[in-house]
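Worksheet for the structure shown next.
Just so we're clear, the structure is a prediction, and the values are computed from it rather than from any experiment.
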Amino acid sequence: MGGAQHVQVREERERGAGPARLRRAAGAPPPPPLQPALDHRVPPPDGPEQAQDRQQEPRLRAGRQGEELILLTALLFYAVNAAVPVAQSVPWWDSRGLLVAALLHVGPVEFLYYWLHRALHHHYLYARYHSHHHASIVTEPITSVIHPFAEELVYFTLFAIPLLTMVGTGTASVAVANGYLAYIDFMNYLGHCNFELVPRLLFDVFPPLKYLMYTPSFHSLHHTQFRSNYSLFMPLYDHLYGTADKSSDDLYERALQGRAGEDAPDVVHLTHLTTPASLLRLRLGFASLAAAPAPPASRYGAGSSSSSSSSLAAVACPLAALLGWTRTAFRSEANRLHKLKLETWVVPRYTSQYLSKQGLYAVGRVVEKAVADAEASGARVLTLGLLNQANELNKNGELYVIRKPSMRTKIVDGTSLAAAAVLHMIPEGTDEVLLLGDAGGNKMAGVLASALCEREIQVHVVDKDLYESVKQQLRPETHEHLLHLAEWWSHSAKTTKVWLVGDRLTGEEQRRAQGGAHFVPYSQFPPGAVVRADCVYHSTPALVVPDAFEDLHACENWLPRRVMSAWRAAGIVHALEGWDAHECGARVTGVDKAWRAALAHGFRPYDRYGAN
């Protein structure tokens, strides 16, 4: 930056110039128009690198400010409790207090905040106070608490109006007082989450809600356009005084519907929630939870039932109820590998809903819409995670190709690479395996058995239907390596050291294995609880990501950091190789072909047991 420009930028900052003027003073090009995000995130006006750089300083300050707010809140509550004796004996509930709090919030609180906020954007106050908050142009929930201390005191005074009025009029109650504080925090975080999750249905059912409740996209325009959308939580006063950004409704619609253009992802991985508590383990939830593997959860039941898991479920229930209204997948993570832009989308439905006959149809509609949205966004590859590729839902994704043969986005179920990852976990020197599972459209079992028989490894199958299903997928000359066991108690079942297990492995089945047996899952879900201390339990098929993989901060379900399910990795490899074919239904890329390509692009084998 030249000396003249540097002086100009400094002068503009001292005058309280907004982000756009600062960029012009620095000689930087103007930001591109906002593009809607199919993941519902509101995109930054600059590139992601510049946005990330600007975020660092406020993030560093936020931890200390959070502690200050907690201490200030506790001190104020203690002072009120000590100074106002009546506050010590309020009832649990008083409906009059709810009415008082609602009226005072809509009236004095929202009105005074609106004009205070406009005053804070005057260059004198902005340069000395409010610019600190606007350092976050691309907002995050933590942005909501980044304010100078003096500014926080003013906000506390405003929010105290309903609380003190309830105490003074004898209408206060524990439930309303705490509910009002929770409402303030929730709406504050919602407005700064930069993620559009408010369903359109709410505004369709009650149109006036548009003036009583803002959306993340509405407030994001305040941080990018600077001189509009000043309201606290209710856009009413912006509409009354003409400061509502004219693009607010359009941005909200585009954020819900999808995006196109240069920000389009190359690869989309479509997964779903397993339990309500899993919502908190997303990158959008608690970072400390997202950075640690979740307890293994079987397809047919939740994992850990500890008190901590129960607490997480209780915390997640309100958010889960809100997500239940949405009919659109949302983005939980964005990554980059070389030039590939990668995204993970989450279907806001749980494993139990996929397994329910009543819920499967509704789930199918959400998944099908997500597939259509992925193609509309320009994604080259879409991978289907967990039960999003269930045979009863869409026949491993083939249903979408049948309905739209001209689909440009390639559907990849990842079977080939997943089978290759399983083969790698089988101990060297193995000459026979026991294959468990059922025949219910189990494509993975067929591909895996075929690869084993091609390697002249004996595959023993107990389930008759599975045996017949797998046999149909083998070349005739390999049939001799596939054997059906008439009963569990046969000598082969008891002595086989390697068990390939599907979605379910019961305790009774585990107890039938001899000591030292290896249980190798070939499903996306862990097969069940561990009951044998003298046996080896391998991980679900997964790969360690390349070192060049960027921004992978969250764990994928029960896998550790920087480890990715083979099904998800398969789509990335598909895009890197530029393969122009689907891998879904009966279509298979090829086990050896997929494995060689994955290793060539820097993926590495992973096994919890360490058999690699």
Heavy-atom pair with the smallest gap, counting every atom of [X] and [Y]:
| X | Y | result |
| --- | --- | --- |
| Ser565 | Glu556 | OG-OE2, 2.8 Å |
| His582 | Arg587 | CD2-NH1, 3.6 Å |
| His479 | Lys471 | NE2-O, 3.3 Å |
| Gln514 | Cys535 | O-SG, 3.8 Å |
| Asn442 | Gln473 | O-NE2, 4.4 Å |
| Ser416 | Ala594 | CB-CB, 3.9 Å |

Indicate yes or no for a side-chain donor-acceptor contact from [X] to the backbone of [Y] under 3.5 Å, with no hydrogens or angles considered.
| X | Y | answer |
| --- | --- | --- |
| Lys443 | Gly585 | yes |
| His424 | Ala420 | no |
| Glu468 | Asp465 | no |
| Tyr606 | Pro560 | no |
| Arg562 | Pro546 | yes |
| Tyr400 | Pro405 | no |

First locate atom [atom1] of [X], then atom [atom2] of [Y], and finally report the distance between them rounded to the nearest 0.5 Å.
| X | Y | atom1 | atom2 | answer |
| --- | --- | --- | --- | --- |
| Thr415 | Glu583 | OG1 | CD | 5.5 Å |
| Phe195 | Arg331 | CZ | CZ | 8.5 Å |
| Glu398 | Asp413 | CD | CG | 10.0 Å |
| Trp595 | Leu543 | CH2 | CG | 5.0 Å |
| Asp438 | Arg504 | CG | CZ | 9.0 Å |
| Asn388 | Gln524 | CG | CD | 8.5 Å |

Show your reasoning for whether side-chain hydrogen bond (donor to acceptor under 3.5 Å, both in side chains) applies to Glu333 and His269. CA-CA 10 Å; Glu333 193 170 1; His269 177 63; over 6 Å; no
Is any NZ, NE, NH1 or NH2 atom of the basic residue among Arg380 and Asp580 found under 4.0 Å from an Asp or Glu carboxylate oxygen of the other?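 Salt bridge: no.
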Assess whether a salt bridge exists between Glu375 and Lys404, defined as any Lys/Arg side-chain N lying under 4.0 Å from an Asp/Glu carboxylate O.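 Here Glu375 pairs with Lys404 in a salt bridge, since their nearest N and O are under 4.0 Å apart.
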Under a plain distance cut-off of 3.5 Å, with no hydrogens placed, do His460 and Glu432 share a side-chain donor-acceptor pair?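 Yes, His460 and Glu432 have a side-chain donor paired with an acceptor closer than 3.5 Å.
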Check the orientation of Trp558 and Phe525. Use parallel for under 30°, tilted for 30 to 60°, and perpendicular for over 60°.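 Rings of Trp558 and Phe525: tilted, as their planes differ by 30° to 60°.
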Give the ring-plane orientation class for His484 versus Tyr467, where under 30° counts as parallel, over 60° as perpendicular and anything between as tilted.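 Tilted, since the angle between the ring planes falls between 30° and 60°.
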Given Arg568 and Thr344, is the side-chain hydrogen bond (donor to acceptor under 3.5 Å, both in side chains) satisfied, shown in steps? CA-CA 9 Å; Arg568 180 180 174 187; Thr344 299; 3.2 Å; yes
Is the CZ atom of Arg327 crowded by more than 12 outside heavy atoms at less than 6.0 Å?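 Count not over threshold, so no.
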Begin with the C-alpha distance, continue with both residues' side-chain angles, and end with the deciding distance and a verdict on side chain to side chain contact (heavy atoms under 4.5 Å, CB included) for Val573 and Val412. CA-CA 10 Å; Val573 173; Val412 175; over 6 Å; no
Please check if the distance between the ring centroids of His272 and Tyr354 is under 6.0 Å.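 Yes, ring centres under 6.0 Å apart.
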